[in-house]
Amino acid sequence: MVSSLVGQFVCIVFFMVVSISRVRAKQTVFDVTKNGGVADGKTDNSKAFTDAWTQACQTNGGGVILFPTGKYLVRPVILKGECKGPIGLQIEGTLLAPPGVQSSVDMDHWIKFQHVDNLDINGGGLLDGQGPSAWHHNNCLEDPECKRLPANLRFDFVTNLNIDHITSINSKNLHINLFACQDVKVTNVNISAPAESPNTDGIHIGSSSNVQILDSVIATGDDCISFSAGSSKINVSGVHCGPGHGMSIGSLGRGNNNNVSFVDIRNCSFVGTDNGVRIKTWAPSKQGTVSHVYVENIRMDRVKNPIVIDQNYCPARRCSPTESSQIQIVDVKMINIWGTSSTPNVVTLKCSETKPCQKIQLRDINLSYEGPDGPAVSACSKVDVITGGKQNPPACTKPVIQVPHNFDVLN
Ligand SMILES: *[C@@H]1O[C@H](CO)[C@@H](O)[C@H](O)[C@H]1NC(C)=O
Ligand SMILES: *[C@@H]1O[C@H](CO)[C@@H](O)[C@H](O)[C@H]1NC(C)=O
Ligand SMILES: *[C@@H]1O[C@H](CO)[C@@H](O)[C@H](O)[C@H]1NC(C)=O
Ligand SMILES: *[C@@H]1O[C@H](CO)[C@@H](O)[C@H](O)[C@H]1NC(C)=O
Ligand SMILES: *[C@@H]1O[C@H](CO)[C@@H](O)[C@H](O)[C@H]1NC(C)=O
C-alpha cells in the first residue's frame with residue numbers, strides 16, 4: 001500500500017519534472033538526492049553527480065539528471081560521452097564550487113563535459129564558482145606561465161548543446177568555455193562577476209561553429225563574449241554586456257588556426273564596458289583571416305572604446321611594436337551603432353602595416369562623448385573604409401596615434 005502510494009507519487013513527480021523541463025518526453029529522471037546527493041551546501045556531491053551522469057548516459061534513450069532546489073557542493077567533475085541518448089541536466093537548485101584553489105594541480109574546470117551529443121542544461125538554477133575565495137591566486141598579469149584557475153563550465157567536443165535559463169556567478173576563471181563544439185544554443189543565461197574580478201570572461205568560443213547566443217545578460221571582469229581562433233557561424237543577439245571588456249574577436253595570431261568568420265552580432269547593448277566590439281590580433285603573428293563580421297543595432301552607454309580594431313594588440317608589452325600582424329581582416333560591417341562613449345576614442349581602427357584591413361564598412365554611426373578631453377575622434381590606420389549613412393563623428397578623420405590600452409591578459 002505504502003509502496004504503491006510512493007510509486008504513484010514518484011510517478012507524478014516524474015511526469016511533473018518531465019513536463020516542466022520540456023527536455024524531451026519520456027526520459028528517465030535521475031534525481032541526485034536519490035543517488036546519495038545531499039543538499040546541505042557542505043557534503044560533496046560530485047560522486048552523486050557523476051553516478052547520475054553514468055546512469056543517464058548508459059540508459060537507452062538517455063535521461064535527465066536533476067538537482068532539485070537546495071545547495072549542493074560539487075567538486076570538479078568531468079562528464080563524458082558518448083551516451084546512449086540525449087542528456088538533460090536540470091538544475092533547479094544551486095551548485096557550489098569548492099572554495100579556494102587546489103594548490104597542487106592545474107585544474108582548468110569545475111564542471112567539464114566531453115564528447116557529448118545532445119545535451120540540454122536548464123532548470124533556472126545557479127552555478128556559483130565561489131571566485132572571491134580564489135581570484136587573489138590569479139597572478140597572470142605578472143607571470144605568463146601562471147596556473148589556470150577553473151572555469152565554471154567547459155564543453156569540449158560537444159554537439160547539439162542547449163543551455164537555457166541558467167545563472168552562473170563568480171567563476172574563478174571564465175564562466176562558459178566552448179571548445180570544438182557544434183550546434184550550440186545559449187538562451188536566457190545570466191552571467192555575473194564583479195568588474196574587478198580577473199579573467200572571468202562570460203562566454204569564450206574557440207574552434208566551434210553554429211553557435212547562437214541569445215537574450216542573455218553578461219556582467220564580468222573580462223570579455224563578455226570572446227570569439228577566438230576557429231570560431232565560425234556565430235550569431236549573437238539580445239545580449240546585454242556590462243561591466244566588462246565587451247565583445248572581442250581574438251586575440252588571434254599565435255595558434256595554428258587563426259581564422260574567424262561569419263560572426264553576426266545584433267541588437268545588443270553595452271553599458272560601462274571598456275570596449276564595445278573589438279577585433280584584436282597579435283604582432284608579429286602567424287597567418288589567418290577574419291572575415292564576414294556583421295554588427296548591427298548596437299547601443300553603447302558610457303563605453304570607453306566602442307569600436308576597436310587593434311592589430312598591434314600587446315597588453316603586457318611582450319611583443320614587437322615594429323613587426324606587423326599577418327592576419328587579414330576583410331569584410332566587416334558596423335551598422336547603426338549609437339550612444340555614448342566615456343572617452344573621446346569612439347572609433348579606433350588600427351590595421352596591419354603589411355595586411356591592411358579590406359572592406360570595412362561603417363554605416364550610421366552616432367557615438368558621442370561629452371567631457372573634458374573632447375571632441376569625439378574616429379581614427380583609422382591602414383584600413384580601406386566604406387562609409388554610409390550618418391557619421392557622428394565624421395569617419396576616420398585622423399590616423400591612430402595610440403590604441404587605447406586595456407589590462408586584459410592572456411586572451
Ligand atoms: C543575474 O544574476 C545576478 C546574481 O544572482 C543578479 O543579481 C541579477 O539580478 C540577475 N540579473 C537578471 C537580469 O536576472
Ligand atoms: C545567423 O546570421 C546569419 C546572417 O549573418 C543568418 O543568415 C543565419 O540564418 C543566422 N543563423 C541563425 C541560426 O539564426
Ligand atoms: C584559414 O583561412 C584561409 C583563407 O580563407 C584558408 O586558406 C586556411 O585554410 C584557413 N585555415 C584553417 C586552419 O582553417
Ligand atoms: C533585431 O531587432 C529588430 C528590431 O527590433 C528585429 O526586427 C530583428 O528581428 C532583431 N534581430 C535579431 C537577430 O534578433
Ligand atoms: C545621435 O544621438 C544623439 C543622442 O546621443 C541624438 O540626439 C541624435 O539625434 C542622434 N543623431 C542621429 C543622426 O541619429
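Note that ligands are numbered from 1 as they come in the structure, with each ligand's atoms numbered from 1 the same way. Side chains included, hydrogens not; waters and symmetry mates left out as well; all remaining heavy atoms used. One is the number of the first residue; the rest follow in order along the sequence.
Checked against a 3.5 angstrom limit, the closest N/O atoms of Asn190 and ligand 1 fall inside it. Not a single N or O atom of Arg266, backbone or side chain, sits closer than 3.5 Å to an N or O atom of ligand 4.
The side chain to side chain contact (heavy atoms under 4.5 Å, CB included) check on Gln326 picks up Ser285, Gln287, Ser324, Thr354, Lys355, with sequence neighbours excluded. Residues passing the side chain to side chain contact (heavy atoms under 4.5 Å, CB included) test with Thr43 are Val38, Asp40, sequence neighbours excluded. Residues passing the side-chain hydrogen bond (donor to acceptor under 3.5 Å, both in side chains) test with Gln55, sequence neighbours excluded: Asn35.
Ring to ring, Phe113 and Phe157 are not that close: their centroids are 6.0 angstrom or more apart.
Between Cys241 and Cys224 the SG-SG gap is short of 2.5 angstrom.
For Asp373, the CG atom is densely surrounded, since the number of other residues' heavy atoms within 6.0 Å is greater than 12.
In this structure, Asp274 pairs ionically with Lys304, as a charged nitrogen and a carboxylate oxygen lie closer than 4.0 Å.
Closer than 4.0 angstrom to ligand 3 lie heavy atoms from Asn257, Asn259, Thr289.
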